[in-house]
Amino acid sequence: MLQDFLALIYPRNCVACGNSLFKHEDQICNYCYTNLPKTHFHKQQKNPIEDLFYGRVNLVFATSYYLFHKKGNVQKLLHAIKYKGNKKLATLLGSWFGNYLNEEEKLKSADYILPVPLHFKRLKQRGYNQSEEFALGLSEKLNIETNTTLLIRKEFTSTQTKKNKYERWENVEDVFEITDIDALKNKHIILVDDVITTGATIEACCNVLNKIEGLKISVLSIAYANK
């Protein structure tokens, strides 16, 4: 009865569609859980994210959970995660995606999940790293450790949101650094970001990581935006 009373004062609504949630639903209603546009890229022999990085970064595996459409429901999820303090949603999506990829053979050899890092100033502003929260959900289901100390962002940069492809690349060039090269030698890491658009941020990370002997890289994200 108390829960029902609180629901009247603080209604629980689906982050995607805005409809009321049933008691058993968490953040996203069952309809949206089923119908949000999933990429299914991991089932394709050659997918758009692999094509995006072809000739730029050598990847073991790459996929995203959702397709991003401007003003669509996936954009609402990302907006809630990045700008409305809903870090629990990022972890939930990571958990769902981890279940989705649990039988993916190419990921079973991974040693670490590395979220794309935020600069400490941005981290202080937001209070958390949305990519790290997503990574924690993945870790739980894939049983792969999330590491937040091996890859760091050494320079503060402006947001990528309204930048074109060249400006995005220029904005993140030479801003990442490895803190312990030996710890990553001959390892397989999963690099995690919230959304992949031009691939500039992931490529900037990989340009640093690719200098490490024997390192293999896979890439996962919440969403892929085809611009």
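Along the sequence shown, residues are numbered consecutively beginning with 1.
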Asks: With the 4.5 Å side-chain cut-off for hydrophobic clustering, are Val219 and Ile178 part of the same group?
Replies: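 Cluster IDs for Val219 and Ile178 match.
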
Asks: When the ring planes of Phe22 and His24 are compared, do they come out parallel, tilted or perpendicular, using 30° and 60° as the limits?
Replies: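 Because their plane-to-plane angle is under 30°, the rings of Phe22 and His24 count as parallel.
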
Asks: Kindly work out whether a path of hydrophobic side-chain contacts (I/L/V/M/F/W/Y, heavy atoms less than 4.5 Å apart) joins Leu136 to Ile190.
Replies: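 Different clusters.
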
Asks: Taking atom CD of Glu132 and atom NZ of Lys87, what is their separation to the nearest 0.5 Å?
Replies: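 Rounded to the nearest 0.5 Å, the CD-NZ separation comes to 9.0 Å.
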
Asks: Which heavy atom in Phe134 sits nearest to a heavy atom in Ser221, and how many Å separate them?
Replies: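 That would be CE2-C, 3.7 Å.
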
Asks: For the residue pair Tyr128 and Leu123, what are the closest heavy atoms and their distance?
Replies: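 Heavy atoms only, the tightest pair is C-CD1, 3.4 Å.
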
Asks: Would you say the ring centroid of Tyr224 lies under 6.0 angstrom from that of Phe68?
Replies: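 No - the distance between ring centres of Tyr224 and Phe68 does not fall below the 6.0 Å cut-off.
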
Asks: Could you check whether Lys38 makes a cation-pi contact with Tyr33, meaning its NZ or CZ is under 6.0 Å from the centre of the six-membered ring and within 45° of the ring axis?
Replies: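 Geometry flag: set, cation within 6.0 Å and 45°.
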
Asks: Among side-chain atoms of Ser139 and Thr146, is any donor-acceptor pair under 3.5 angstrom?
Replies: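 Side-chain D/A pair, Ser139 to Thr146: present.
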
Asks: Let me know which of Leu184, Ile181, Asp111 forms a side chain to side chain contact (heavy atoms under 4.5 Å, CB included) with Leu215.
Replies: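 Going through Leu184, Ile181, Asp111 one by one, the side chain to side chain contact (heavy atoms under 4.5 Å, CB included) with Leu215 is satisfied by Leu184 alone.
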
Asks: Return the CD1 to CG distance between Ile28 and Asn19, rounded to the nearest 0.5 Å.
Replies: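 It is 13.0 Å, given to the nearest 0.5 Å.
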
Asks: Can you tell me how far CG of Leu36 sits from CG of Asn73, rounded to the nearest 0.5 angstrom?
Replies: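 Result: 6.0 Å between the selected atoms.
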
Asks: Can you measure from CG (Leu138) to CG (Leu101) and round to the nearest 0.5 angstrom?
Replies: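 That separation rounds to 7.5 Å.
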
Asks: Hey, do the aromatic rings of Tyr100 and His42 have their centres closer than 6.0 Å?
Replies: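 Distance test on ring centres: under 6.0 Å, yes.
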
Asks: Apply the test side chain to side chain contact (heavy atoms under 4.5 Å, CB included) to residues Gln75 and His69: give CA-CA distance (whole Å), side-chain angles for both, the deciding distance (0.1 Å), then the verdict.
Replies: CA-CA 7 Å; Gln75 184 177 26; His69 299 293; over 6 Å; no

Asks: Are Val192 and Trp96 linked, directly or through intermediate hydrophobic residues, by side-chain heavy-atom contacts shorter than 4.5 Å (ILVMFWY only)?
Replies: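 Yes: a chain of side-chain contacts under 4.5 Å links Trp96 to Val192.
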
Asks: Return yes when atom CG of Asn99 has more than 12 non-hydrogen atoms of other residues, nucleotides or ligands closer than 6.0 Å, and no otherwise.
Replies: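 Correct, the count exceeds 12.
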
Asks: State, without any angle test, whether Ser131 and Asp193 hold a side-chain donor-acceptor pair at a distance under 3.5 Å.
Replies: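 A pair is found: one side chain offers a donor N or O, the other an acceptor, under 3.5 Å apart.
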
Asks: Do Lys216 and Phe61 meet the cation-pi criteria used here (NZ or CZ under 6.0 Å from the six-membered ring centre, within 45° of the axis)?
Replies: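 No, a cation-pi geometry is absent between Lys216 and Phe61.
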
Asks: Give a yes or no on whether a salt bridge exists between Glu133 and Lys88, defined as a side-chain N under 4.0 angstrom from a carboxylate O.
Replies: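 No, Glu133 and Lys88 are not salt-bridged.
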
Asks: Are any side-chain N or O atoms of Asn13 and backbone N or O atoms of Gly18, one a donor and one an acceptor, separated by less than 3.5 Å?
Replies: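 Yes, the answer is positive, given that a donor and an acceptor are paired below the 3.5 Å cut-off.
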
Asks: How long is the span from the CG atom in Asn58 to the CD1 atom in Ile217, to the nearest 0.5 Å?
Replies: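 Spacing of CG (Asn58) from CD1 (Ile217) equals 8.5 Å.
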
Asks: Distance check, rounded to the nearest 0.5 Å: Thr201 atom OG1 versus Leu191 atom CG?
Replies: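 Going from OG1 on Thr201 over to CG on Leu191, the span is 10.0 Å.
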
Asks: Does Leu67 belong to the same Ile/Leu/Val/Met/Phe/Trp/Tyr cluster as Ile49, with side-chain heavy atoms less than 4.5 Å apart forming each link?
Replies: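 They do share one cluster, since a chain of ILVMFWY contacts under 4.5 Å joins Leu67 to Ile49.
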
Asks: I need the minimum non-hydrogen distance between Glu103 and Lys108, along with the two atoms involved.
Replies: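 Closest approach of Glu103 to Lys108: OE1-NZ, 3.8 Å.
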
Asks: For the pair Val195 and Leu78, evaluate side chain to side chain contact (heavy atoms under 4.5 Å, CB included) and give the outcome as yes or no after the intermediate values.
Replies: CA-CA 8 Å; Val195 59; Leu78 292 170; 4.2 Å; yes

Asks: Can you give me the closest heavy-atom contact between Glu50 and Lys46, atom names plus distance?
Replies: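 Closest approach of Glu50 to Lys46, heavy atoms only: OE1-CA, 3.5 Å.
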
Asks: Are Leu93 and Ile81 packed together at the side-chain level, in the sense that at least one heavy-atom pair is separated by less than 4.5 angstrom?
Replies: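 When only atoms from C-beta onward are counted, Ile81 and Leu93 do touch, with a gap below 4.5 Å.
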
Asks: I need the minimum non-hydrogen distance between Gln130 and Lys82, along with the two atoms involved.
Replies: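 Gln130 and Lys82 have their closest heavy atoms at NE2-CE, 3.8 Å.
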
Asks: Would a distance-only check, ignoring hydrogens and angles, find a side-chain to backbone donor-acceptor pair under 3.5 Å from Glu25 to Asn30?
Replies: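 Here the side-chain-to-backbone pair exists.
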
Asks: Do Ile212 and Val208 sit in one hydrophobic cluster, given that two such residues count as connected whenever their side-chain heavy atoms are within less than 4.5 Å of each other, even indirectly?
Replies: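 Ile212 clusters together with Val208.
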
Asks: Please test Ile202 against Val116 for side chain to side chain contact (heavy atoms under 4.5 Å, CB included), starting from the C-alpha separation and ending with a verdict.
Replies: CA-CA 8 Å; Ile202 292 291; Val116 170; 4.1 Å; yes

Asks: I would like to know whether Lys154 and Phe176 meet side chain to side chain contact (heavy atoms under 4.5 Å, CB included); could you show each step before the answer?
Replies: CA-CA 6 Å; Lys154 61 183 180 179; Phe176 298 105; over 6 Å; no

Asks: What closest approach, in Å, do Leu92 and Asp26 show between heavy atoms, and which atom pair accounts for it?
Replies: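 So the minimum-distance heavy-atom pair works out to CD2-O, 3.4 Å.
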
